[in-house]
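Some notes on the structure that comes next.
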Amino acid sequence: MTQIRSVVLGCGSYLPEQVVTNAQLAARIDTSDEWIVQRTGIRERHIAAEGEFTSHLALKAAQAALADAGVDAQSIDLIVLATSTPDNTFPASAVAVQHGLGINHGAAFDLQAVCSGFVFGLATADNFLRTGAFKRALVIGAETFSRILDWTDRGTCVLFGDGAGAVVLEAQEQPGNAATDRGIVTTHLRSDGRHKAKLFVDGGPSSTQTVGHLRMEGREVFKHAVGMITDVIVDAFKATGLNADSIDWFVPHQANKRIIDASAHKLHIAPEKVVLTVDLHGNTSAASIPLALSVARKDGRIKRGDLVLLEAMGGGFTWGSALVRW
C-alpha cells in the first residue's frame with residue numbers, strides 16, 4: 001500500500017564570515033582552548049556581523065538548499081523557520097525569508113523549540129505534506145545566539161555560535177515500506193516544562209520587556225541529555241522495526257562532543273557513523289543539524305538511499321528524533 005512521504009530534495013547552509021576562535025575568547029575571559037576543547041569539542045564559532053539578522057542567514061541557507069535541490073523558489077508553498085532568535089517579536093522571520101525569495105503564496109511561519117527546533121520543524125512540515133495541504137516545503141534552522149549571550153559568563157558564551165541550515169522537502173508517493181521508502185520515515189517529539197530553569201533566557205516581551213541573556217545549569221543539562229536523546233531514538237526504532245545497525249549516519253544536534261559520544265555509545269552506533277561538526281561552529285541551536293547535514297552531503301558521506309538518524313534536545317526541555325532515508 002503506497003504512502004506519501006516527505007522526501008529531501010536538497011540541503012544548504014550558511015555561516016557568517018566572522019570566526020571567533022577559542023584563543024580569541026581566552027584573551028577576553030578566564031578560559032583556555034584546552035579547557036573548551038576538552039569539555040565540549042568546540043574549537044571555533046561564527047558570529048553574525050552588525051546588521052546581519054537571523055532572516056539574512058536563513059535566506060542564504062534557503063537559497064543554497066534550493067540550488068542543491070535544483071528547484072525554483074516559486075515551487076515552495078510552505079516555509080517553516082525554527083529559531084529562538086527572530087529578527088523581531090513579530091512578524092515571523094519566516095515571512096522575511098519568503099519575501100526575500102520572491103514568494104507571495106503559500107504559508108510561512110516561525111517555530112520555537114530551541115535546539116530541538118529543526119527536528120520539530122521537520123515533523124511539522126512532514127505532517128502538512130503528508131496530508132496534502134502543501135506540496136513542497138523549506139525547513140530552516142537559523143540562529144544569531146551571539147545576540148543573547150552574556151559574554152562575561154564563561155560557562156555559556158564559549159558554547160554557542162550563529163548560523164543557518166535548510167532542507168527542501170517534497171511530498172512524494174512511496175511504496176509504503178519503512179525499511180526502504182525514501183523521505184521522513186518517522187518523527188518523535190517530547191517536552192517537559194519542569195526543567196525550564198535549567199536552560200532558559202531571562203527576558204522576553206511579556207515578562208521583562210527585554211531580550212535577556214541565556215542562562216544554563218550545564219551539569220544538569222548534561223545529566224538529562226543522554227537519557228532523553230536515547231529515549232526518542234528507541235521510540236523511532238520501535239515504530240519502524242529498524243535498529244542501530246540499520247543506520248548509515250547519525251546526525252545529532254551539535255552541542256557538545258561528550259554528549260554526542262555518550263549517546264552514540266549507549267545506542268551502539270559505531271563512531272564512524274557519527275557526523276560531528278561542533279568543532280567548526282559550536283552550538284548553533286536549531287541550525288546545527290542542517291549545518292551538519294550540509295557538510296556530510298557536500299563531502300559525499302550522505303548519499304541517496306542512506307538512512308539518517310537525527311536527534312536534538314533543547315531548552316524547555318524539548319527533545320526529538322527523526323529517521324530520514326535520503
Side-chain angles (χ1 to χ4, degrees), residues 14 16 18 20 25 28-29 45-61 79-100 107-121 124 139-164 189-221 224 253 255 282-288 312-320:
Y14 173 76
Q18 183 185 358
V20 176
L25 284 180
R28 294 159 45 185
I29 58 174
R45 69 285 298 146
H46 292 249
I47 304 297
E50 185 177 352
E52 188 174 38
F53 304 153
T54 292
S55 66
H56 299 147
L57 276 57
L59 177 59
K60 289 180 179 179
I79 300 174
V80 181
L81 172 54
T83 186
S84 299
T85 50
D87 296 3
N88 303 101
T89 301
F90 72 84
S93 297
V95 299
V97 175
Q98 183 188 39
H99 177 65
F109 58 87
D110 289 357
L111 182 149
Q112 224 294 33
V114 202
C115 299
S116 306
F118 184 75
V119 174
F120 275 58
T124 301
V139 180
I140 309 167
E143 304 282 14
T144 48
F145 256 52
S146 62
R147 309 265 159 81
I148 58 171
L149 295 178
D150 177 353
W151 288 96
T152 66
D153 179 6
R154 74 169 189 159
T156 57
C157 75
V158 303
L159 302 177
F160 297 90
D162 303 336
L189 309 179
R190 301 282 188 277
S191 63
D192 187 343
R194 292 176 297 175
H195 302 287
K196 174 189 171 182
K198 297 179 178 67
L199 180 54
F200 71 107
V201 170
D202 60 2
S206 180
S207 57
T208 65
Q209 299 82 56
T210 64
V211 173
H213 291 112
L214 185 148
R215 305 299 180 193
M216 182 174 72
E217 297 176 13
R219 290 181 181 177
E220 285 295 309
V221 173
H224 285 83
H253 167 47
N283 184 345
T284 54
S285 190
S288 82
M313 173 192 165
F317 286 147
T318 62
W319 64 104

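Excluded from the calculations below are hydrogen atoms, water molecules and symmetry mates; all remaining heavy atoms, backbone and side chain alike, are included. In this text the structure is predicted, and so the values were computed from the model without any measurement. Residues: numbered from 1 along the sequence shown.
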Less than 4.5 Å apart, any side-chain heavy atom of Trp319 and any of Asp192?
yes
Validation row: Leu199, Leu214 side chains within 4.5 angstrom (heavy atoms):
yes
Determine whether a donor-acceptor pair (N or O, by modelled atom type, separation under 3.5 Å) exists between the side chain of [X] and the backbone of [Y].
X      : Y      : answer
Trp151 : Ser146 : yes
Arg45  : Val158 : yes
Arg215 : Phe200 : no
Asn88  : Phe90  : no

Taking all heavy atoms of [X] and all of [Y], pick out the closest pair and write down the distance.
X      : Y      : answer
Gly203 : Thr208 : CA-OG1, 3.2 Å
Val221 : Met313 : O-CE, 4.1 Å
Pro16  : Asp162 : CD-O, 3.5 Å
Asp202 : His213 : OD1-N, 2.6 Å
Leu81  : Ala58  : CD1-CB, 4.0 Å
Pro205 : Thr89  : CG-CG2, 3.9 Å

Scan the side chains in residues 107-121 for donor-acceptor partners under 3.5 Å anywhere in the protein, sequence neighbours excluded, and list what turns up.
| unit_1 | atom_1 | unit_2 | atom_2 | d |
| --- | --- | --- | --- | --- |
| Asp110 | OD1 | Ser93 | N | 3.2 |
| Asp110 | OD1 | Ala94 | N | 2.8 |
| Asp110 | OD2 | Ser93 | N | 2.9 |
| Gln112 | OE1 | Ser84 | OG | 3.3 |
| Gln112 | OE1 | Val114 | N | 3.0 |
| Ser116 | OG | Gly314 | N | 3.2 |
| Ser116 | OG | Thr318 | O | 3.0 |
| Ser116 | OG | Thr318 | OG1 | 2.9 |

Interatomic spacing from [atom1] in [X] to [atom2] in [Y] - rounded to 0.5 Å:
X      : Y      : atom1 : atom2 : value
Ile140 : Leu57  : CD1   : CG    : 11.0 Å
Glu52  : Ile47  : CD    : CD1   : 10.5 Å
Glu217 : His195 : CD    : NE2   : 11.5 Å
Asp153 : Ile29  : CG    : CD1   : 8.0 Å
Thr54  : Arg147 : OG1   : CZ    : 7.0 Å
His46  : Gln18  : NE2   : CD    : 10.0 Å

Output all residues satisfying ring-ring contact (aromatic ring centres under 6.0 Å, His included) with Phe53, sequence neighbours left out; order by chain, then residue number.
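Partners of Phe53 under the ring-ring contact (aromatic ring centres under 6.0 Å, His included) test: His56.
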Could you tell me which residues satisfy side-chain hydrogen bond (donor to acceptor under 3.5 Å, both in side chains) with Arg154, sequence neighbours excluded, listed by chain and number?
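Arg154: no side-chain hydrogen bond (donor to acceptor under 3.5 Å, both in side chains) contacts found.
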Distance alone, cut at 3.5 Å: any donor-acceptor contact between the side chains of Thr85 and Glu143?
yes
